[in-house]
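Comments concern the structure below.
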Amino acid sequence: MAGLDSYTKLLLHCDGVDASTSFPDAMVRHTQTANANAQVDTAQYKFGTASMLLDGNADYVSTAGNTSDFAVAAGGEVTIDFQYKHISYDVANARFFNHGADTSFGCYLNGTSPNFYINAGAAAATKATSVVDGSWHHIACVAWLDGAQRKIGLAVDGTFGTWLNDVNSCVADNLWIGENTGGGRALHGWIDEFRVSNTARWKANFTAPTAQYTAAGRSGGYIII
């Protein structure tokens with residue numbers, strides 16, 4: 001499946017040696033730091049040979065490098081998508097990822113469903129589908145410009161919830177995976193095939209990924225529309 005392209009600003013396959021704390025960026029743009037007990041786990045994965053294991057106790061993976069990759073202008077487009085498998089629900093609003101302060105963008109568990117926001121004071125896009133059933137789920141957070149109006153939406157396994165109108169932006173900053181930058185919102189589960197793109201990969205329901213993202217070809221839900 002395609003996905004390693006000029007729009008891709010971060011791509012973590014999360015493969016490697018069991019218990020390793022190395023999460024190389026396939027785009028070679030960012031260096032990741034594993035914090036607390038965040039590690040590679042070869043016992044669980046959606047694609048490839050391993051995934052990122054977060055134990056819900058202050059685990060997260062942070063990025064360094066060109067943080068302008070994670071800035072979103074008021075009219076800008078972005079897609080953050082990844083695979084997730086839940087272990088347990090330890091804290092309210094556990095973060096799948098968080099960019100900079102809470103006034104930036106992030107995705108979190110709202111009860112059993114994921115929510116996506118740009119600026120924490122704004123409304124969050126959601127898809128009322130449980131992702132805490134112990135199965136792997138593809139989660140896609142998308143912002144795109146529809147004429148003069150920017151919209152944000154969230155899809156679970158290729159199906160979007162209600163699109164929201166949005167005018168918010170966020171500046172360049174670091175990205176945390178599995179926790180919020182203020183602490184106390186640690187995620188307990190596995191993450192695989194984590195990607196950040198500076199385009200809207202999907203604007204309508206799509207076929208969820210069936211393989212790792214690669215540089216060759218385009219197919220299925222990976223055609224940029």
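Only heavy atoms go into these numbers, but all of them, side chains included; no hydrogens, no water, no symmetry mates. Just so it is clear, the structure is predicted and the values come from calculations on it, not from any experiment.
Here the side chains of Glu77 and Leu145 are in contact, with some heavy-atom distance below 4.5 Å. Two residues are said to be in side-chain contact when any heavy atoms from C-beta on lie closer than 4.5 Å; Asp18 and Asp41 meet this criterion. Looking only at side-chain heavy atoms (C-beta outward), Leu154 and Cys107 come within less than 4.5 Å of each other. When side chains are defined from C-beta on, Val72 does not count as touching Ser169, because their heavy atoms never get closer than 4.5 Å. Considering only heavy atoms from C-beta on, Leu10 comes within 4.5 Å of Leu175 through its side chain. Proximity of Leu109 to His86: side-chain heavy atoms (C-beta onward) are separated by under 4.5 Å at one or more points. Counting heavy atoms from C-beta outward, Thr33 and Thr21 have side chains that stay 4.5 Å or more apart. Side-chain contact between Ile152 and Val142 is absent, with no heavy atoms from C-beta onward closer than 4.5 Å.
Across every non-hydrogen atom of Ala123 and Tyr117, the tightest pair is O-CB, 4.4 Å. Heavy-atom minimum distance, Tyr84 versus Gly189: CE1-CA, 4.1 Å. Ala36 and Ala58 make their closest contact through CB-O, 3.4 Å (heavy atoms, listed as atom of the first residue, atom of the second, distance). Counting all heavy atoms, side chain and backbone alike, Gln44 lies closest to Ser51 at O-OG, 2.7 Å. Among all heavy-atom pairs drawn from Gly48 and Gln212, the shortest one is CA-NE2, 3.6 Å.
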Query raised in the report: Given the rule in the side chain to side chain donor-acceptor pair (under 3.5 Å) test, do Ser130 and Asp133 qualify, once you have shown the distances and angles that lead to the verdict?
Result: CA-CA 7 Å; Ser130 176; Asp133 56 0; 5.6 Å; no

Requested in this report: Starting from the C-alpha separation in whole Å, work towards a yes-or-no answer on side chain to side chain donor-acceptor pair (under 3.5 Å) for Tyr108 and Asn93.
Outcome: CA-CA 5 Å; Tyr108 62 94; Asn93 297 331; 5.1 Å; no

Requested in this report: Applying side-chain contact (heavy atoms from CB on, under 4.5 Å), run through Arg150 and Val167 and close with a yes or a no.
Outcome: CA-CA 6 Å; Arg150 209 262 296 273; Val167 295; over 6 Å; no

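In summary, of the residues considered (Val61, Leu11, Ile80, Asp81), a side-chain contact (heavy atoms from CB on, under 4.5 Å) with Phe194 occurs for Ile80 alone.
Panel note: side chain Thr126, backbone Pro114; a donor-acceptor pair is recorded below 3.5 Å. Under the 3.5 Å distance criterion, the side-chain polar atoms of Asp192 are matched with a main-chain donor or acceptor of Phe47. Not one N or O on the side chain of His13 forms a donor-acceptor pair closer than 3.5 Å with the backbone of Asp15. Between the side chain of Glu179 and the backbone N or O of Ala186 there is at least one donor-acceptor pair closer than 3.5 Å. A donor-acceptor pair under 3.5 Å links the side-chain atoms of Ser20 to the main chain of Ser22, judged by distance alone. A donor-acceptor pair under 3.5 Å is absent between the side-chain atoms of Thr42 and the main chain of Ala50, judged by distance alone. No donor-acceptor distance shorter than 3.5 angstrom exists from the side chain of Asn35 to the backbone of Ala38, with no hydrogens or angles considered. A donor-acceptor pair is defined here as one N or O able to donate and one able to accept, closer than 3.5 Å; no such pair exists between the side chain of Asp146 and the backbone of Gln149.
From Ser68, atom OG reaches atom CG of Asn198 across 9.5 Å, with rounding to the nearest 0.5 Å. The distance from the CZ atom of Arg29 to the CG atom of Asp69 is 4.0 Å, given to the nearest 0.5 Å. Rounded to the nearest 0.5 Å, atoms CG (Asn98) and CH2 (Trp176) are 8.5 Å apart. Taking CZ from Phe116 and CG from Asp166, the interatomic distance works out to 8.0 Å, rounded to the nearest 0.5 Å. Rounding to the nearest 0.5 Å places CG of Asn168 at 4.5 Å from CG of Asn119. Between the NZ atom of Lys46 and the NZ atom of Lys85 there is a distance of 10.0 Å, given to the nearest 0.5 Å.
Under the 4.5 Å side-chain contact rule for hydrophobic residues, Tyr45 and Met52 do not share a cluster. When hydrophobic clusters are built by joining Ile, Leu, Val, Met, Phe, Trp and Tyr residues whose side-chain heavy atoms come closer than 4.5 Å, directly or via intermediates, Val171 is not grouped with Phe97. Both Val78 and Ile191 sit in one connected hydrophobic cluster of ILVMFWY residues. Membership requires side-chain heavy atoms under 4.5 Å apart, directly or through other members. Hydrophobic clustering (side-chain heavy atoms under 4.5 Å, transitive across Ile, Leu, Val, Met, Phe, Trp, Tyr) keeps Tyr60 apart from Val40.
Between Phe82 and Phe96, the distance separating the two ring centers is shorter than 6.0 angstrom. If you look at Phe70 and His30, their ring centroids are closer than 6.0 Å. With ring centers used as reference points, His99 lies under 6.0 Å from Phe105.
A cation-pi arrangement, defined by a distance under 6.0 Å to the six-membered ring centre and an angle within 45 degrees of its axis, is present between Arg195 and Tyr213.
The closest side-chain donor-acceptor pair between Ser113 and Asn110, if any, does not fall under 3.5 angstrom. Under 3.5 Å, the side chains of His138 and Asp157 contain no donor-acceptor pair of N or O atoms.
Taking the charged nitrogens against the carboxylate oxygens, Asp25 and Lys9 have no contact shorter than 4.0 Å, which rules out a salt bridge.
Residue Ile87 belongs to a hydrophobic cluster whose other members are Leu53, Trp136, Trp190, with links defined by side-chain heavy atoms closer than 4.5 Å.
Ring pair Phe206/Trp202 is parallel by interplanar angle, where below 30° counts as parallel and above 60° as perpendicular.
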